[in-house]
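Only one structure is covered here, and it is reproduced in the block below.
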Number of protein chains: 2
Amino acid sequence: MARAGQQAGLSRERVLRAAAAIADERGLAALTMRSLAESLGVEAMSLYHHVANKEAVLDGLVEVVMAEVEQAVAALDAPAPEDDWQSALRMRVLASREVLVRHPWAPGVFETRTGASLAVARYFDGVLGLMRRAGFSYELGHRALHALGSRALGFSQELFAPDGMEAPEEVMAAMAEEVPHLVAMVADASHGGAVLGWCDYQSEFEFGLDLILDGLERLREGA
Amino acid sequence: MARAGQQAGLSRERVLRAAAAIADERGLAALTMRSLAESLGVEAMSLYHHVANKEAVLDGLVEVVMAEVEQAVAALDAPAPEDDWQSALRMRVLASREVLVRHPWAPGVFETRTGASLAVARYFDGVLGLMRRAGFSYELGHRALHALGSRALGFSQELFAPDGMEAPEEVMAAMAEEVPHLVAMVADASHGGAVLGWCDYQSEFEFGLDLILDGLERLREGA
DNA sequence: CGGCGCGGGCTTACGTTGTACGGTACGTTC
DNA sequence: GAACGTACCGTACAACGTAAGCCCGCGCCG
């Protein structure tokens with residue numbers, strides 16, 4: 001490091017990668033311009049030579065994630081949509097979901113930027129193209145995109161946060177009055193066993209996805 | 001106002017109402033402890049006698065909205081779930097959606113607090129109860145809640161933001177290469193006419209909802 | 001080879017945010 | 001009337017995003 005490292009050699013690329021790393025490791029809230037700069041061995045203001053502002057960093061994160069998604073989708077060898085569009089789309093969505101699960105902060109970032117990103121548009125365009133090849137009209141394809149919503153990208157808000165939710169017995173009892181059906185449901189599912197871990201998010205996600213895909217298939221082949 | 005108004009007569013209630021009003025009128029970002037205090041004719045720190053911190057204000061906003069939802073649902077006269085659960089649930093969801101549409105900031109707040117709120121749990125409990133009366137097993141009810149996700153509350157992320165999205169002709173042309181199917185879809189729908197306003201969010205929402213409800217009905221009645 | 005523009009970094013500073021801490025005036029209760 | 005809790009105010013601070021300006025070394029020009 002002759003001359004004590006001028007020229008840290010930043011770049012938009014490196015900044016965004018570092019940002020994703022921070023979000024992955026310490027959560028989205030820990031991603032500040034200062035922490036980002038520090039992780040690159042640089043002062044905060046230096047970042048502004050490569051990104052316009054923090055919003056642009058968030059935009060960039062969407063691109064980073066979508067690049068991973070695109071890659072995961074490309075690596076798939078799915079059936080031709082003409083033969084089995086449901087499997088083809090299902091695989092695509094689940095591949096995308098795997099990426100999103102690796103970056104739990106991503107849905108939160110996406111939500112504030114829907115439609116703004118070309119990368120996201122490209123993904124949905126691909127889904128629509130798949131449906132076209134399967135014989136969907138544009139109109140049905142359009143409605144299908146709406147029906148899928150964020151599920152097409154592999155997430156929908158998970159209803160109950162996976163963390164916390166201890167439920168220390170007496171709280172559970174107090175709850176029983178307020179939400180009897182939910183309590184009964186949990187009791188039914190666990191048959192009196194352990195309460196947490198009873199709910200497999202992955203398979204629930206797939207259930208909802210298949211529900212929609214089956215419904216669309218019935219509409220596609222024309223009632 | 002003898003003595004130039006000591007005793008502004010705050011209360012958790014009044015604070016939360018004011019917070020909702022600010023979010024309604026000036027957006028969620030405009031809701032700061034200072035702006036909130038000012039709208040009540042009070043200093044920021046005074047609020048802390050009625051709410052623990054800003055997080056608690058956000059939590060409170062969820063309660064405010066859910067109270068409106070509960071009220072809207074109560075005012076419904078829906079068919080008994082035993083007779084026609086699909087209509088009953090559909091009406092409930094759409095009533096809820098109407099409330100959410102009046103408070104566009106609400107989904108964003110909900111997303112960061114899923115599961116934390118008793119009010120939300122109560123709502124889902126009601127939905128599950130409805131399904132039980134319709135003959136759902138707890139297991140199918142559980143999966144149904146997952147399948148519906150936030151749609152049960154009347155929102156899912158709208159795919160493309162309703163605002164902005166001008167698309168000034170030349171941008172559209174450049175886009176065509178990147179997202180040909182989307183562009184074709186819009187062209188098909190509008191038959192060369194106006195581009196924006198071609199997409200009716202309400203009816204698309206209903207389409208997706210019915211798709212799911214129909215799928216669930218088929219599962220409920222077995223095989 | 002000398003100068004010089006400029007790109008990429010640093011320093012400093014400002015306004016806004018949430019909130020900790022301590023003070024002060026009222027209403028109530030002995 | 002003394003003591004006290006409740007509700008409010010004022011001040012202050014740390015962390016945030018970012019505007020503005022400086023400074024140095026590289027590469028191009030003459």
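Here is the naming used below: chain letters follow the sequence lines, and residue numbers restart at 1 for every chain. Because the structure is a prediction, the values reported are computed rather than measured.
One can place CZ of A:R12 at 16 Å from P of C:dG9, the figure rounded to the nearest angstrom. Residue A:L31 contributes atom CG, which lies 17 Å from atom P of D:dA15 at whole-angstrom precision. Remark: P of D:dG17 and NZ of A:K54 are 4 Å apart, rounded to the nearest angstrom. Protein atom CD of B:E43 is 5 Å distant from nucleotide atom P of D:dC9, rounded to whole Å. Atom CG of B:L47 is separated from atom C1' of C:dG18 by 12 Å (rounded to the nearest Å). The CZ-C1' distance, from A:R34 to C:dA13, rounds to 11 Å in whole Å. Going from atom OH of B:Y48 over to atom P of C:dG22 covers 17 Å, rounded to whole Å. In this structure, A:E38 places its CD atom 14 Å from P of C:dT11, rounding to the nearest Å.
Nearest to the side-chain atoms of B:M45 among the listed nucleotides D:dC16, D:dC8, D:dC9 stands D:dC9.
Using a 4.0 Å cut-off between charged nitrogen and carboxylate oxygen, B:R34 and B:E38 do not count as a salt-bridge pair. Taking 4.0 Å as the cut-off between side-chain N and carboxylate O, B:R97 and B:E206 do not count as a salt-bridged pair. B:E63 and B:R113 are not joined by a salt bridge, as no carboxylate oxygen comes within less than 4.0 angstrom of a charged side-chain nitrogen.
Heavy atoms only, all atoms of each residue included: B:S96 and B:Y123 are closest at CB-OH, 3.7 Å.
Residue A:S46 places at least one side-chain N or O closer than 4.0 Å to OP1 or OP2 of C:dC10. Look at A:H50 and you'll find a side-chain N or O under 4.0 angstrom from OP1 or OP2 of C:dG9. For A:H49 and C:dC10, the shortest distance from a side-chain N or O to OP1 or OP2 is not below 4.0 Å.
Residue-to-nucleotide proximity on DNA chain C shows that, of B:A52 and A:A44, the 5′-proximal contact is made by A:A44.
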